[in-house]
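These notes concern the structure reproduced below.
All chains are named by letter (A, B, ...) in the order of the sequence lines, taking the proteins before the strands, and each is independently numbered beginning at 1.
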Amino acid sequence: MEHVSIARVALAAATYAIDRPYDYQIPQELEGRAAPGVRVIVPFGAGNRRTEGLILALTDETRLEKKIKAVLTVLDDAPVLGVDGIKLALWVRDRFFCTVYDAARAMLPAGLWFSIQDSYRVAESVDRERSYDAAGRSDHARRILDLIWAAGGSAELGQIRAALGTKDPNPALRQLTEQGILVLETSASRGVGDKTEQVAALALPAEEALALVTPKRKTAPLRYAVVELLCGLGSAASKEICYFTGASPATLRALAKSGILTLEKREVFRRVSAGEVEPAAPPVLNQEQQTAFLHLDALARAEKPAVALLYGVTGSGKTQVYISLIRAALDRGESAMVLVPEIALTPQLLRIFSAHFGENIAVLHSSLRAGERYDEWKRVRSGRARVVLGTRSAVFAPLKDLGLIILDEEQEASYKSENTPRYHARDVAKYRCARNGGLLVLGSATPSIETMYLAKSGVYHMVTLSRRYNEHALPHVFVTDMKEALRSGNGTSISARLHRELASNLERGEQSILFLNRRGASRMVSCGECGAVPTCPRCSVHLTYHSANGRLMCHHCGHSERLPDHCPECGGALNFIGVGTQKVQEELESLFPGVEVLRMDTDTISASQSHEALLSRFEKEKIPILVGTQMVAKGLDFENVTLVGVIAADLALYVDSFRAAERTFSLLTQVVGRAGRGGKTGRAVIQTYTPDNDVIRYAASQDYDSFFEQEIDLRRLMEYPPFRDLFVLTASGLNEASVLRACQQLRRSLEQWIAAWPSPENRPRLLGPAPAAVAKVNHRYRYRLTLMCQNTKEVRGLLAQMLRAANSDKENRGVSIFADVNPYD
DNA sequence: AGCACGCCGACT
DNA sequence: GTCGGCGTGCTC
């Protein structure tokens with residue numbers, strides 16, 4: 001009897017609605033190379049278009065005897081995912097409603113991916129005449145042959161498509177292929193995914209270039225603006241040129257075509273390097289740290305998996321405990337992982353870890369070049385690196401014998417992926433530890449409400465560090481009422497108190513940091529007469545003003561337009577609303593003439609100066625005042641900073657999210673903790689319009705426990721996490737009515753299911769359809785349903801089934817629907 | 001999603 | 001007659 005090997009394959013071309021293992025026959029010559037975890041190229045669908053696939057398992061029987069296609073190519077010599085990796089991918093699919101391939105994409109480094117190119121070649125020993133005979137009267141076939149012969153006997157599918165315009169080349173291609181005239185060749189080339197940017201440079205001397213565009217200055221103002229900008233800079237990234245001039249990439253291409261400038265790709269290179277570091281001795285722990293370490297290490301040694309919250313106030317030295325735990329894990333022959341919210345903001349952490357673990361550490365994060373990331377991944381996979389330091393996606397690093405995962409600042413939103421697969425690194429880490437009998441340590445000074453609840457109720461272990469390192473006193477915190485300031489005629493964003501404290505810092509030669517959160521940092525424009533606010537033509541948001549280029553911009557789709565001189569509606573004068581870092585900077589400069597004020601936000605950070613460079617200037621040159629957004633709040637310790645100010649503390653509270661309070665508390669606590677890390681006692685000024693708000697009061701007194709008690713009651717009452725999980729189903733599409741209809745249809749199905757619930761206890765709740773926080777992005781309307789219930793296998797199965805049904809329902813054509821579990825926005 | 005198949009109207 | 005528009009159903 002003939003033996004046939006079958007591969008169960010997960011396909012890249014499969015959408016969520018049709019994602020399942022597909023069976024392919026393994027041809028004799030590929031036997032042996034086709035193994036689980038290996039990627040292959042297979043034909044798929046009626047047109048047999050080539051797609052990448054991942055072998056999940058091998059078997060020798062198939063459920064369908066009839067039509068089974070064969071694997072065309074094996075792409076890898078060794079599996080890119082082990083058995084555990086495949087299991088993890090399947091788990092991610094089940095938990096986060098994505099395809100297996102989506103999961104695999106998140107797990108593997110970009111440098112490993114192939115780009116698949118289909119091209120048609122004239123078959124051996126077929127000459128021109130015979131090929132045109134075969135084309136017969138088909139105009140399409142003749143045009144395709146024209147193209148292929150002109151290109152030297154072979155052409156890419158993309159070119160063929162482009163040559164036929166809107167016409168479908170497939171029937172003609174099939175005709176020619178069936179007659180043996182053309183052959184389809186599929187090539188897979190590696191090396192995709194490197195971050196590149198386009199750089200434009202003047203191709204002519206500045207005067208010549210300018211002379212060429214000046215005559216048409218009136219009719220082609222953008223061309224002129226681009227050349228003028230480049231005359232000053234010589235060369236610049238295309239993205240930046242477009243940002244500053246408002247020109248489109250098409251304008252740049254046109255200029256390149258007329259020989260005025262050149263465009264080329266350049267790799268973006270932003271490696272965060274530890275540089276040369278001296279090897280460090282094991283950290284010496286103080287009494288409290290030692291107790292924490294012993295407790296956690298005992299958990300790590302135990303056979304059973306465990307999760308522990310390391311609840312340590314800012315400055316209590318969590319890092320030393322982490323390092324001791326990792327050393328202990330390595331000594332036991334286990335590997336370890338440390339996840340941080342954002343590596344670029346914590347270069348000092350990288351240095352510390354390099355000093356302790358040297359070559360044993362691999363760094364994985366998104367701003368590495370694809371090649372470097374791939375190299376680091378290979379070091380992990382081969383076992384040469386046993387410690388991984390990285391951001392969210394590093395949670396998938398292929399460490400063997402993983403005994404310890406540390407998730408630092410576990411409450412941070414950056415651990416939740418906003419794109420498919422919409423996973424949370426904490427959940428993935430928990431899963432990996434559970435499978436390996438490892439320990440997951442969640443570190444934080446302001447834990448998420450969910451984590452603290454589970455720690456208090458004994459599901460997680462709790463380990464506390466309550467003493468600040470070197471016994472520094474907490475900063476003095478002043479809460480100032482901005483309503484009061486407004487009433488007393490202070491129209492600026494700097495209260496009298498903050499003014500006084502800044503002045504005294506200037507006198508003493510100490511530095512200050514002022515902080516504006518993101519919402520406060522954007523400035524809008526409104527008409528003083530009719531009140532109109534310029535809105536994005538593609539999205540349902542107001543445009544914000546960017547001082548760097550003097551333009552109005554949309555943060556969702558990238559639309560930008562010149563700031564109009566007058567209101568486009570009524571011709572009235574336009575006013576700026578919102579605070580903005582630039583406005584604060586201006587106010588400070590007029591309050592303290594001659595004092596240098598450094599500003600740090602997305603406007604000031606560009607290719608020319610990274611925020612690291614800006615911060616090191618702040619530190620080295622002892623610039624008196626730094627004004628910035630979110631990015632100044634993180635992980636920065638400056639000896640000489642003794643005053644921090646929060647310009648508008650309540651802005652983060654008025655976001656439509658049940659996490660708004662938690663996030664505001666955490667942010668304010670972090671910011672306040674920035675003051676006085678050195679020998680001197682710090683001060684913090686929190687400016688707010690709602691000084692009596694509990695979140696602000698508790699943050700001011702650094703009283704996490706009271707904040708938690710209040711918030712957990714609220715969560716219980718509202719049935720929010722940790723008491724229920726939220727499943728948010730979002731439908732999006734160009735046609736608002738069909739998006740809404742899809743939601744209502746889903747709602748009806750869910751209502752039926754809920755109605756059959758056995759008891760009123762724990763009965764799921766359903767909210768919506770409601771427009772998403774930003775109801776329209778890039779002309780696509782977005783509506784969402786929220787299902788609040790326990791995250792069980794049954795619920796996930798049901799939702800998966802409904803999503804598949806809704807996405808393949810022809811009623812819902814043009815609408816796509818996806819699920820997000822416990823989203824952060 | 002992407003492709004083929006099949007059924008209808010417009011035009012050589 | 002046939003080319004090409006779009007609705008319908010399937011993908012190992």
Side-chain angles (χ1 to χ4, degrees), chain A residues 4-27 30 34 36 38-74 90 93 97-102 105 116-118 120 135-144 156-158 160-162 164-178 182 184 186 419-421 731-735 738-739 742 780 800 803-818:
Chain A
V4 188
S5 288
I6 305 291
R8 296 250 144 92
V9 185
L11 300 179
T15 56
Y16 184 70
I18 60 163
D19 185 44
R20 62 178 140 265
Y22 289 87
D23 287 357
Y24 285 88
Q25 196 178 295
I26 301 168
L30 296 180
V38 158
R39 290 170 302 166
V40 290
I41 293 178
V42 293
F44 185 61
N48 280 329
R49 72 211 138 89
R50 270 54 170 153
T51 181
E52 219 173 283
L54 176 76
I55 300 184
L56 299 174
L58 296 182
T59 154
D60 46 16
E61 56 191 274
T62 176
R63 287 158 282 202
L64 311 101
E65 300 300 315
K66 27 180 185 163
K67 37 181 180 176
I68 177 161
K69 298 175 186 175
V71 171
L72 294 172
T73 317
V74 172
L90 293 168
R93 162 180 151 275
F97 306 96
C98 62
T99 71
V100 177
Y101 226 76
D102 287 333
R105 255 191 281 268
I116 290 188
Q117 243 351 312
D118 282 346
Y120 282 87
R137 290 192 312 273
S138 165
D139 180 43
H140 289 176
R142 280 200 307 276
R143 275 160 69 188
I144 289 168
E156 284 175 8
L157 184 57
I160 297 172
R161 279 230 155 82
L164 291 199
T166 56
K167 308 281 193 282
D168 181 9
N170 280 324
L173 284 170
R174 201 151 44 95
Q175 179 195 337
L176 291 169
T177 311
E178 271 169 11
L182 295 182
L184 170 61
T186 306
N419 308 322
T420 312
S732 79
L734 297 171
N735 182 322
S738 38
V739 170
R780 291 180 74 87
L803 278 176
R804 276 194 286 267
N807 275 314
S808 41
D809 189 337
K810 53 184 177 295
E811 286 267 284
N812 293 337
R813 214 138 32 96
V815 180
S816 56
I817 304 155
F818 65 87

Among A:Val74, A:Leu58, A:Val9, which one satisfies side chain to side chain contact (heavy atoms under 4.5 Å, CB included) with A:Val38?
A:Val74

Protein-nucleotide distance (A:Ile26, atom CD1; C:dC12, atom P), rounded to Å:
16 Å

Between A:Asn170 and A:Arg161, is any pair of side-chain heavy atoms under 4.5 Å apart?
yes

Take the protein atom CZ of A:Phe44 and the nucleotide atom C1' of B:dA1, then report the distance between them rounded to whole Å.
9 Å

With DNA chain B as reference, determine whether A:Asp168 or A:Gly814 sits nearer its 5' end, using the nearest nucleotide of each.
A:Gly814

Whole-Å distance between C:dC10 P and A:Tyr22 OH?
12 Å

Interatomic distance, A:Asp19 CG vs C:dC10 P [rounded to whole Å]
19 Å

From the list C:dC12, B:dA4, C:dT8, which nucleotide is the closest neighbour of the side chain of A:Lys69?
C:dC12

Just how far, in rounded Å, is P of B:dG2 from CZ of A:Arg813?
14 Å

Do A:Arg93 and A:Thr99 have side chains that get closer than 4.5 Å, going by heavy atoms?
no

Map A:Asn807 and A:Ala46 onto DNA chain B by nearest heavy atom, then report which one ends up closer to the 5' terminus.
A:Asn807

Among B:dC5, C:dG4, B:dG2, which nucleotide has an atom closest to any side-chain atom of A:Lys167?
C:dG4

Determine the contact category for A:Arg161: base if any of its heavy atoms lies under 4.0 Å from a base atom, sugar-phosphate if only primed atoms, P, OP1 or OP2 are that close, otherwise nothing.
sugar-phosphate

Check the distance between C:dC12's P and A:Lys67's NZ and give it to me in whole angstrom.
7 Å

CD of A:Glu811 versus P of C:dT8: gap in Å, rounded?
10 Å

Please give me the minimum heavy-atom distance between A:Ala17 and A:Arg804, naming the atom from each residue.
O-CD, 3.4 Å

Taking the side chain of A:Lys810 as its heavy atoms from C-beta onward, which of C:dG4, C:dT8, B:dA4 lies nearest to it?
C:dT8

So if I take every side-chain heavy atom of A:Asp23 and compare against C:dC12, B:dG2, B:dC5, which nucleotide ends up nearest?
C:dC12

Just how far, in rounded Å, is C1' of C:dC3 from CG of A:Asp139?
11 Å

Ranking C:dG4, C:dG7, B:dA1 by distance to the side chain of A:Thr15, first place goes to B:dA1

What's A:Asn170 touching, base or sugar-phosphate or nothing? Going by heavy atoms closer than 4.0 Å.
sugar-phosphate

Given B:dA4, C:dC12, B:dA1, which nucleotide is nearest the side-chain atoms of A:Arg174?
B:dA4

Selected nucleotide, minimal atom distance to A:Tyr24 side chain, candidates C:dG4, C:dC12, B:dG2
C:dC12

Non-hydrogen side-chain atoms of A:Thr420 and A:Phe818 separated by less than 4.5 Å:
no

